[in-house]
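Quick caveat: nothing in here was measured; it's all calculated off a predicted structure. Numbers here are sequence positions counted from 1. Side-chain atoms are counted along with the backbone in the values below, which use heavy atoms only and exclude waters and symmetry mates.
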Amino acid sequence: MSKIRIVTDTASDITAWQAREMDVRLVPLSISFGDRKMPMDTEEDFQAFFEQLYEEKELPTTGQPSPEAYLKEYREAREKDEDVLVLALSGGLSGTVHSAQMAREISGYERITILDTRQAILTQRMLVERAVLRRSQGWTVEKIAEELLEARDRLVVCGALDTLTFLRKGGRIPPGFDVIGNVLALKPIIELKDGVLVKLGVARGQRKSQEYLYREFEEFPVDPDWPVYMGYTYDRAQGESFFEETKERYGLSGSRLYPVGGVIGAHVGKNCIALAFVRSR
């Protein structure tokens, strides 16, 4: 039985330590404020990123991984007679998947399967974790890819933002609207839909924004074969409060809480809460 090398990128918010624990290879996206590069290897790096984000007037620049980063993984896999499964950040958000594909062409290695997850952060992590589980159960790379593709478009991740400021900086709302919205305590609700970030609506105040997330969760039956995850940016206490309330409200078991790093965090800012789940077929 061939061993499978699972490769993903740092948009999954899987830390370097977690990747080693799961035997997953991480390919980094770059995040920089001017000449200052911000690593995303640890949860402490995530916190440092958000502190810097609020000191800067402009959003950081991000860069997709180079084909060379993937090529290194492919060559090592070839030397070790491994199959490769790449689970890449949504192609609607980044050219990461194209770097992976270009590297495959350069490598000439045929045993490489590349999936555009159409996901990021919590839901990208879910797909990676499912691949790791199936690998441990002896599934082939083809069978794993088939399951992930079937689930891919049933995954949902939505978030309640604390401020409109970063949507304005990213050009998603008109200049000046964020000032009015922040004064009125308007909280935008966003979702990763069809591979891109979309604004679902706006709620007034933290409580109503959280209830908006719950309405999304309750709209369709949830697949019990997949976990429900919660996420947060920067404020762990807020994330833990949301996590505990959500678990109690829906009687959830097997749920986890994870911090969100800078790849998506640059667009949402501090004090965002997120909910991720899989809708039933």
Inset, instruction - State the CD1-OG distance between I264 and S94, to the nearest 0.5 angstrom. - result: 9.0 Å

Inset, instruction - Could you tell me whether a side-chain N or O of T123 sits under 3.5 Å from a main-chain N or O of A120, the two making a donor and an acceptor? - result: yes

Legend entry - Pair K72 + E76: basic N to acidic O under 4.0 Å: yes

Inset, instruction - Specify whether Y258 and Y229 have parallel, tilted or perpendicular ring planes, treating 30° as the upper limit for parallel and 60° as the lower limit for perpendicular. - result: perpendicular

Legend entry - Side-chain heavy atoms of V84 within contact of R111, under 4.5 Å: no

Legend entry - L93 side chain reached by L197 side chain, heavy atoms, under 4.5 Å: yes

Legend entry - salt_bridge(R152, D116) N-O dist < 4.0 Å: no

Inset, instruction - Please check if atom CD in E51 has more than 12 non-hydrogen atoms from other residues, nucleotides or ligands closer than 6.0 Å. - result: yes

Legend entry - Electrostatic pair E211:R207 at N-O distance under 4.0 angstrom: yes

Legend entry - From CA spacing to verdict: side chain to side chain donor-acceptor pair (under 3.5 Å), Q206, N271: CA-CA 10 Å; Q206 180 64 35; N271 308 331; over 6 Å; no

Legend entry - Side-chain heavy atoms of E245 within contact of F242, under 4.5 Å: no

Legend entry - Shortest non-hydrogen contact between G262 and I31, atoms and distance: C-CD1, 3.5 Å

Inset, instruction - Using modelled atom types only, decide if a donor and an acceptor are shared between the side chain of T42 and the backbone of D45 within a distance under 3.5 Å. - result: yes

Inset, instruction - Could you tell me whether D83 and R5 have a side-chain N and a carboxylate O separated by less than 4.0 Å? - result: no

Legend entry - Single-linkage hydrophobic cluster V7~I121, side-chain heavy atoms < 4.5 angstrom: no

Inset, instruction - Verify, without hydrogens or angle tests, whether K187 (side chain) and D162 (backbone) share a donor-acceptor contact under 3.5 angstrom. - result: yes

Inset, instruction - Compute whether any side-chain donor of one residue and acceptor of the other, for Q210 and Y214, lie under 3.5 angstrom apart. - result: yes

Legend entry - Side-chain ion pair, R125 and D13, N-O less than 4.0 Å: no

Legend entry - Check: L87 main-chain N/O paired with T117 side-chain donor or acceptor under 3.5 Å: no

Legend entry - R36 and E56 ion-paired at < 4.0 Å: no

Inset, instruction - Examine distances only and state if a side-chain atom of S209 and a backbone atom of A203 form a donor-acceptor pair shorter than 3.5 Å. - result: no

Inset, instruction - Taking all heavy atoms of I189 and all of A160, pick out the closest pair and write down the distance. - result: CD1-CB, 3.8 Å

Inset, instruction - Check for a donor-acceptor pair, side chain of S280 on one end and backbone N or O of V222 on the other, with a separation under 3.5 Å. - result: yes

Legend entry - Residues E244, K247: salt bridge by 4.0 Å N-O rule: yes

Legend entry - R20 and W17, any side-chain heavy atoms less than 4.5 Å apart: yes

Inset, instruction - Kindly indicate whether the side chain of L127, heavy atoms from C-beta on, has any atom under 4.5 Å from the side chain of W226. - result: yes

Inset, instruction - Examine distances only and state if a side-chain atom of R154 and a backbone atom of R279 form a donor-acceptor pair shorter than 3.5 Å. - result: yes

Legend entry - Backbone of P28 reached by a side-chain donor or acceptor of T10 within 3.5 Å: no

Inset, instruction - Give a yes or no on whether the backbone of L133 and the side-chain of S136 come within a donor-acceptor separation of less than 3.5 Å. - result: yes

Legend entry - Donor-acceptor under 3.5 Å (S30 side chain, G63 main chain): yes

Legend entry - Presence of salt bridge, E218 and R249, under 4.0 angstrom: yes

Legend entry - Taking every non-hydrogen atom, the tightest pair across Y109 and D81: OH-C, 4.2 Å

Legend entry - Ionic contact status for R135 with E82, cut-off 4.0 Å: no

Inset, instruction - Classify the side-chain pair R104/Q101 by whether it contains a donor and acceptor separated by less than 3.5 Å. - result: no

Inset, instruction - Check the side chains of Q124 and D9 for a donor-acceptor pair under 3.5 angstrom, ignoring hydrogens and angles. - result: yes

Inset, instruction - Taking all heavy atoms of T96 and all of A88, pick out the closest pair and write down the distance. - result: CG2-CB, 4.3 Å

Inset, instruction - Would you mind reporting whether V228 and F217 have side-chain heavy atoms less than 4.5 Å apart? - result: yes

Legend entry - Heavy-atom side-chain proximity of S255 to M230 below 4.5 angstrom: yes

Inset, instruction - For atom CZ of R75, decide whether the heavy atoms of other residues, nucleotides or ligands shown that lie under 6.0 angstrom number more than 12. - result: no

Inset, instruction - Measure across I112 and S107 and return the closest heavy-atom pair with its distance rounded to 0.1 Å. - result: CD1-OG, 3.7 Å

Inset, instruction - Decide whether a cation-pi geometry holds between K270 and F50; the criteria are a distance under 6.0 Å from NZ or CZ to the six-membered ring centre and an angle within 45° of the ring axis. - result: no

Legend entry - Whether over 12 other heavy atoms sit under 6.0 Å from E110 CD: no

Legend entry - Salt bridge present between R281 and D225 (N-O < 4.0 angstrom): no

Legend entry - Neighbour count above 12 (heavy atom, 6.0 Å) for M22 CE: yes

